[in-house]
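For the single chain, residues carry numbers from 1 onward in sequence order. Hydrogens, waters and symmetry mates are skipped; everything else that's a heavy atom, side chains included, is used.
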Amino acid sequence: TGPTRDGLLGEWLFDNNSTADTSRNGYDGNASATVVFTGDTPFGSGRSVNLNNAGYIFVDDGTANQSVFDLDTLTISFWAKEWPQDRWGAYVTKRGEGGQGWQLRRRSADPDNISFTLRGPGNDDWYVTRNVNDNKWHHLVGAYGGGQRKIYVDGRLIGSEIRSGNVN
């Protein structure tokens, strides 16, 4: 059996060159024209997306403020092969700028720092040091809740801090 789907809000596997939400919650993505679907994956099968050249996938929950993604307890999990293109480029984001939202992203032009940005609980751009820009696949996880903020890389806890409060 596979992993449980309990509490899963969205899952995007990119199979069949699709941005459909495979969690069955219906939060399908819309890919920008510069997104490239590819067979380069961490497991040698399935599909991935290359978001270089300002590519992005926008997920719309059907509400004006995308409120289904307003979370005070969350886990973001994905595979990445390199840094986002821009200095503060995000891998996964719900705003994260203008004092609202969350992001798992590159920290400025720092060559080795991953930031888990939370707007509201304080220490907004908390980060850990780990270079994932080595042309190898890495599994990244950001988790927030229960009074902790954590970042894992390749199944190892890289950093954690005591942090609580509501995300704006």
| said: Strictly by ring pair (Phe, Tyr, Trp, His ring centres under 6.0 Å), give each pair with a member in residues 100-130 just once, sequence neighbours left out. | reply: none

| request: May I ask you to decide whether Lys94 forms a salt bridge with Asp70, counting only side-chain N to carboxylate O separations under 4.0 Å? | output: yes

| query | What distance separates Asp72 CG from Asn166 CG, expressed to the nearest 0.5 Å? | reply | 4.0 Å

| Ion pair present between Arg87 and Asp110, side-chain N to carboxylate O less than 4.0 angstrom? | no

| task | For Ala143 and Thr75, work out which heavy atoms get closest and say how close. | result | CB-OG1, 4.0 Å

| message | Can you tell me how far apart CG (Leu8) and CG (Asn25) are? Round to the nearest 0.5 Å. | response | 7.0 Å

| query | In the hydrophobic clustering (ILVMFWY, side-chain contacts below 4.5 Å, transitive), which residues join Leu157, or is it alone? | reply | Val141, Tyr152

| field | Expected output: side-chain Arg156 to main-chain Ile158 donor-acceptor under 3.5 Å | value | no

| task | List the atom of Val153, the atom of Arg130, and the distance in Å for their closest heavy-atom pair. | result | CG1-NH1, 3.8 Å

| remark: OG1 of Thr63 to CG of Asp61, rounded to nearest 0.5 Å, is 3.5 Å

| message | Has Asp21 got a side-chain atom pairing as donor or acceptor with Tyr27's backbone, closer than 3.5 angstrom? | response | yes

| query | Any donor and acceptor pair, going by atom type alone, linking the side chain of Asn53 with main-chain N or O of Gly55 inside 3.5 Å? | reply | no

| Non-hydrogen side-chain atoms of His138 and Leu140 separated by less than 4.5 Å | yes

| request: Measure the shortest side-chain to side-chain distance between Val167 and Pro121 over non-hydrogen atoms and say whether it is less than 4.5 angstrom. | output: yes

| Any chance CG of Asn16 has more than 12 other-residue heavy atoms, nucleotides or ligands included, within less than 6.0 Å? | no

| said: Using modelled atom types and a 3.5 Å cut-off, is there a donor and acceptor pairing between side-chain atoms of Gln103 and backbone atoms of Arg95? | reply: yes

| said: Could you go through Ser23 and Glu11, starting from their C-alpha distance and side-chain angles, then the distance that decides it, and tell me whether this counts as side-chain hydrogen bond (donor to acceptor under 3.5 Å, both in side chains)? | reply: CA-CA 5 Å; Ser23 75; Glu11 176 185 61; over 6 Å; no

| task | Can you see which heavy atom on Tyr144 is nearest to which on Leu118, and at what distance? | result | CD1-CD1, 3.3 Å

| field | Any donor-acceptor N/O pair, Asp124 side chain to Thr117 backbone, under 3.5 Å | value | no

| Minimum-distance pair of heavy atoms, taken over all atoms of Ala90 and Arg105 | CA-CB, 3.4 Å

| task | Show your working on side-chain hydrogen bond (donor to acceptor under 3.5 Å, both in side chains) between Arg47 and Asn17 and close with a plain yes or no. | result | CA-CA 7 Å; Arg47 303 297 285 170; Asn17 295 343; 2.9 Å; yes

| query | Which residue pairs satisfy the side chain to side chain donor-acceptor pair (under 3.5 Å) criterion with at least one member in residues 29-40, sequence neighbours excluded? | reply | Ser32-Thr34, Asp40-Lys81, Asp40-Trp137

| By side-chain contact (heavy atoms from CB on, under 4.5 Å), which residues pair with Glu82, not counting sequence neighbours? | Asn52, Asn133

| task | Please test Leu9 against Leu71 for side-chain contact (heavy atoms from CB on, under 4.5 Å), starting from the C-alpha separation and ending with a verdict. | result | CA-CA 11 Å; Leu9 188 59; Leu71 305 167; 4.1 Å; yes

| Distance from Ser45 atom OG to Asp15 atom CG, nearest 0.5 Å? | 8.5 Å

| query | Any side-chain heavy-atom pair from Arg119 and Asp125 closer than 4.5 angstrom? | reply | yes

| request: Would you check if Tyr56 and Val35 make a side-chain contact, meaning some heavy-atom pair closer than 4.5 Å? | output: no

| said: Give me each pair satisfying ring pair (Phe, Tyr, Trp, His ring centres under 6.0 Å) with a member in residues 72-96, each pair once, sequence neighbours excluded. | reply: Phe43-Trp79, Phe78-Tyr91, Trp79-His139

| query | Hey, quick one: are Leu51 and Leu13 part of the same hydrophobic cluster, counting side-chain heavy atoms closer than 4.5 Å, chains of contacts allowed? | reply | no

| query | Under the salt bridge (charged side-chain N to carboxylate O under 4.0 Å, His left out) rule, what pairs show up with a residue in residues 157-168, not counting sequence neighbours? | reply | Arg149-Glu161, Glu161-Arg163

| said: When you measure from the side chain of Ser115 to the backbone of Arg107, do you find a donor-acceptor pair of N or O atoms at a distance under 3.5 Å? | reply: no

| How long is the span from the OG atom in Ser18 to the CG atom in Asp28, to the nearest 0.5 Å? | 7.0 Å

